[in-house]
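Working notes, beginning with the structure itself.
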Amino acid sequence: MIYVFPLIHALDVDRLEYIQRAAIEVNHSGTITKVEHLKEDENIDGDDVVHAHPNEFLVPGFVDTHSHAPQFSNIGFGFNLELLDWLSQVTFPTESNYQDAQVAQIDFAKVVEATLSVGTTTCSYYSSLHLDATKILAATCHSKGQRALVGKVNMDSHCPDYYKDESPEVSMAQTKEYVDYVRNNLKSAIVHPIITPRFAICCSPELLEQMGEYLKDENLHIQTHLCENKGEIDFTMSLYPNDESYTHIYANRGILSDRTILAHCCHLTNSEMDLIKQYDCGISHCPTSNFNLRSGITDVNQLLTDGITKVGLGSDCSGGYEAGILQSLRDASTASKALSIFHNKPTYLSLEKLFYLATLGGARALDLEKQIGNFIVGKQFDALVIDPLTIANKSLIDSSKQSYISPLDRLKRNFERWLFAGTSANLQAVFVDGKNINIK
Ligand code: GUN
Ligand code: FE
């Protein structure tokens, strides 16, 4: 297929490319084989050519670097609580329901449909601790065509008896069985397993050590939470008094690698940032959740300036109340402006950086940059078709038609406006791995 569209994508942290008329050629495997810049009067036609409707443009699919599928039924509840109380009073009781495979089957289908319909073409999911539910989530992503990393949560400590892995050994045995299932039964090109220790509080030292041992021989993705909330950090350090910092707890047990995604990171010390840089880990910035649970404000602009660029956005549903990454992008903007006001610094996250975080930065954080994140030849075609001026945007008057605005400026204005004032109603089509996913 050849898609003739205006196109916007991130080439690096500070670099967006706008192409007024691009022709993207995609082969049968969903790989981008050619990207041409067409002249305004240059025509290409054929059965396999798709042209943009007026105003439409193409962007890479959104990457959600952190979400919890068994928490979607809680979206919007519990924001009078902070993290540890929210987990014990709101989250664990809900996640425990996924013991029932039928609940998982019904709910996870809705979760994947919901996230695809807001433009999340790739998602890194925490399932519950249940083996069957986790297999169901992976299979659901595969059958519905969403690119995903899916992990069975490991937790054997400081959690209620009704929601707890029986022992480190059982936790590991089930994790290995799950990885084996995805690799040998599901055999998906787009869904992969990810090792998912919930966070240090919920993992005994024995469990973290056994995970580290397993990871020595396996080239697997890993995800966990880090330095989200001050009370959490204090409790964590009381459980691991001999480790230099929260980040060292993971480093010392083999949990950190260039395939590790660390969620939140609101309160990192300089030595922890150095460690994250040394191991080349990814960071998932979850501003909506950080505000809702009053956890803190991650200074992402500073991370990017300090050379930590494997950073993406995470909805962290249901710490976050919105599945779509547009909300995370807007809250990342607000968070960076709040820091800029409080610290009396003129710098905050630019439009370029915000869109980078939502797409290419997310791909880098998940160690999927070779596959996705922008429209570079050799990558897979994960894309969104946006109509920025659908009837859904009743309050938006098309001011960009004024004659002094060039076509390129018009594209830039429509893009910016969609990012800050658009909705999922602007999504006309969602492509994953070259396939047009039915989202209506
Ligand atoms: N830390 C440990 N578990 C969780 C979780 O489910 N959500 C958030 N936001 N933080 C956590
Ligand atoms: Fe989370």
Side-chain angles (χ1 to χ4, degrees), residues 64-79 81-98 111 115 123-130 133-134 137 149-160 163-165 194-204 207-208 222-236 239 246-247 249-250 255 260-267 282-298 312-323 325 328 331 335 362 365-366:
D64 185 346
T65 56
H66 183 89
S67 190
H68 298 262
Q71 293 179 21
F72 273 59
S73 54
N74 274 344
I75 284 180
F77 296 131
F79 299 140
L81 299 170
E82 291 196 15
L83 177 65
L84 297 181
D85 289 336
W86 173 80
L87 284 173
S88 60
Q89 292 176 39
V90 178
T91 307
F92 293 160
T94 298
E95 288 193 16
S96 69
N97 288 323
Y98 292 84
V111 168
T115 52
C123 190
S124 192
Y125 285 114
Y126 288 56
S127 178
S128 59
L129 62 72
H130 310 107
T134 310
L137 179 57
L149 301 173
V150 177
K152 173 209 148 15
V153 167
N154 300 91
M155 47 193 285
D156 70 335
S157 214
H158 300 99
C159 35
Y163 192 53
K164 186 179 186 178
D165 282 325
I194 180 163
I195 302 304
T196 307
R198 181 163 212 128
F199 66 159
I201 291 174
C202 278
C203 295
S204 63
L207 177 56
L208 284 182
I222 310 154
Q223 61 185 350
T224 190
H225 296 86
L226 176 67
C227 293
E228 179 173 355
N229 158 297
K230 291 243 168 94
E232 170 217 14
I233 297 171
D234 291 344
F235 186 33
T236 304
L239 299 172
Y246 195 163
T247 310
I249 295 170
Y250 295 139
I255 302 299
T260 304
I261 304 115
L262 301 166
H264 300 282
C265 299
C266 303
H267 307 283
I283 289 181
S284 173
H285 177 40
C286 306
T288 313
S289 166
N290 293 343
F291 282 131
N292 287 344
L293 299 176
R294 225 178 67 84
S295 298
I297 304 184
T298 310
L313 298 175
S315 66
D316 194 27
C317 283
S318 66
Y321 47 50
E322 159 63 49
I325 285 298
S328 306
D331 286 336
L366 299 185

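Read the numbers this way: they start at 1 and go in the same order the structure lists the ligands and their atoms.
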Is the closest heavy atom of Glu232 to ligand 1 under 4.0 Å? no

Is the contact between Leu83 and ligand 1 made by the side chain, the backbone, both, or neither, using heavy atoms and a 4.0 Å cut-off?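 It is the side chain that touches ligand 1; the backbone stays farther off.
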
Part of Trp86 with heavy atoms under 4.0 Å of ligand 1, whether side chain, backbone, both or neither: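 Under 4.0 Å from ligand 1, Trp86 contributes side-chain atoms alone.
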
Please identify each residue that fulfils side-chain hydrogen bond (donor to acceptor under 3.5 Å, both in side chains) with [X], with sequence neighbours left out.
X	result
Thr298	none
Asn154	Ser171, Thr175
Asn74	Thr94

Atoms listed for the Fe ion (ligand 2) (protein only, N, O or S, under 2.8 Å, no waters) are His66 NE2, His68 NE2, His225 NE2, Asp316 OD1

Those atoms of ligand 1 less than 4.0 Å from some heavy atom in [X]:
X	result
Leu87	2 (C), 3 (N), 4 (C), 5 (C), 6 (O)
His264	9 (N)
Gln71	5 (C), 6 (O)

Look at [atom] and say which protein heavy atom is nearest, naming residue and atom and giving the distance to 0.1 Å.
atom	answer
atom 3 (N) of ligand 1	Arg198 NE, 2.9 Å
atom 10 (N) of ligand 1	Glu228 OE1, 2.7 Å
atom 9 (N) of ligand 1	Asp316 OD2, 2.7 Å

Donor-acceptor side-chain pairing of [X] and [Y] below 3.5 angstrom:
X	Y	value
Asn229	His264	no
Ser124	Gln223	yes
Glu232	Tyr246	yes
Ser284	Thr65	yes

What's the verdict on side chain to side chain contact (heavy atoms under 4.5 Å, CB included) for Tyr125 and Val111, showing C-alpha distance, side-chain angles and the deciding distance? CA-CA 11 Å; Tyr125 285 114; Val111 168; 4.0 Å; yes

Angle between ring planes, His225 versus Tyr126, binned at 30° and 60°: parallel, tilted or perpendicular?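 Aromatic pair His225/Tyr126 classed tilted.
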
Do the ring planes of His158 and Phe235 sit parallel (below 30°), tilted (30 to 60°) or perpendicular (above 60°)?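 The arrangement is perpendicular - the two ring planes meet at more than 60°.
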
Drop me the distance from Leu149's CG to Thr196's OG1, to the nearest 0.5 angstrom. 9.0 Å

Geometric N/O contact Glu95 with ligand 1, under 3.5 angstrom: no

